[in-house]
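Following: one structure in structure tokens, then a few remarks.
Order of appearance sets the numbers: ligands from 1, and atoms from 1 within every ligand. Bear in mind the structure is a predicted one, so any value in this text is a computation, not a measurement. We use all heavy atoms of the structure for the numbers below, so side chains are in, but hydrogens, waters and symmetry mates are not.
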Amino acid sequence: MRTQVCITVDVEFSISGAFADPIGRQPAGPVSATCPVDDASSGLDFILDTLERHGLRGVFFVEVLNTCYFGDPPMETIARYIRDRGHDVQMHLHPCWIMFSQPDWRTLVESGAPTDSLAGMDEKRLEELLTAGLAVFTRWRLPRPCAFRAGNLQVDAKIYPILKRLGIPLSSNIGLGAYRPEDPGLHLAGGRHWIDGVLELPVASHRYFNFGSYERWKTFTVIGTGADEAAEILRAAAKSNASPVTVLTHPSEFVKKTAADYDSLRVNVLSRNRLQKLCEFLSNHQDEFEVTTFSKSLPAWTAHEGTINPSWRITPLAIAKRLIENHLTVS
Ligand SMILES: [Zn+2]
């Protein structure tokens, strides 16, 4: 059986310093997802074009609560565009955006930025926010999402029974290199895991350094994973039978800002190369790997038990090669 891979993309707008400087700055809308360089969409379209050139489909987690500031149309247009190109559109949510539903938000943020974490939030509030997110999908007249991803990959176990109750069967809320939940039951490095009736598919993560009880983890992002590291993780996943390997990226990874806003962007050559090489590897090894989406694999995944919690290691040589790539790539 082929090892499955999911390329997941969080599509979100940027607060862009508006909480720190509510008078002088404002959130950045579609430009923070399309990331134009010389009028070419070098974020979202670069990802879509690259996937499609290799015959692959991605899973796009589209952020819903930005609608509190921007209204429905800007992200609706983007979500529909992704869906019309044949990719998965699922629900992503950053709770900080709810602040903009308060007319006096500029005064309220003077005492500090609002939380952007779903971890530690009480059940009632969690359910309200998730319900508000689903209502956005309904207003957008898009199919109800079958999967959810929390902003910053920050959750605790309270979210799973609520997702189940709201009829969301899949989640991808965990990435140990990005955030390590307090609950050791959520220390999941990849594969598929049933938690209170919801199937969690963590972003693939591996421990790349440990000394005694001290350890460092890395999550499989496109920008942060060298070509050899990616190949090693994929090969290790094939051996461990813990699939899918869930990869994470964001449109903004493919550009570099030359100022605080999105007015003057330039292409991030390193990230572009890494996505191209990853897609090339996957399309050249279709006998071993199958790139799938959450909606496509939902019936098969939910008909089965989960997988083991994998423990993948990367060779020091692959890490060294990434560091050299980082250093040598001129962009
Ligand atoms: Zn996000």
For F100, all residues meeting ring-ring contact (aromatic ring centres under 6.0 Å, His included), sequence neighbours excluded: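 For F100 the ring-ring contact (aromatic ring centres under 6.0 Å, His included) partners, ignoring immediate neighbours, are F19, Y69, W97, W105.
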Who pairs with F13 by ring-ring contact (aromatic ring centres under 6.0 Å, His included), at least two apart in sequence or on another chain?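 F70.
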Rest of the hydrophobic cluster containing L298 (Ile/Leu/Val/Met/Phe/Trp/Tyr, side-chain heavy atoms under 4.5 Å)? V59, F61, L170, W194, L199, L201, F294, W301
May I ask you to check whether E253 and T221 show a side-chain donor-acceptor distance below 3.5 Å? no
Salt bridge flag under 4.0 Å for residues D122 and K124: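 No, no charged N to carboxylate O under 4.0 Å.
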Any idea how many protein N, O or S atoms are nearer than 2.8 Å to the Zn ion (ligand 1)?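 Step by step: take the Zn ion (ligand 1), keep protein N, O, S below 2.8 Å, and you get 3.
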How close do I195 and L186 get, heavy atom to heavy atom, and via which atoms? CD1-CD2, 3.7 Å
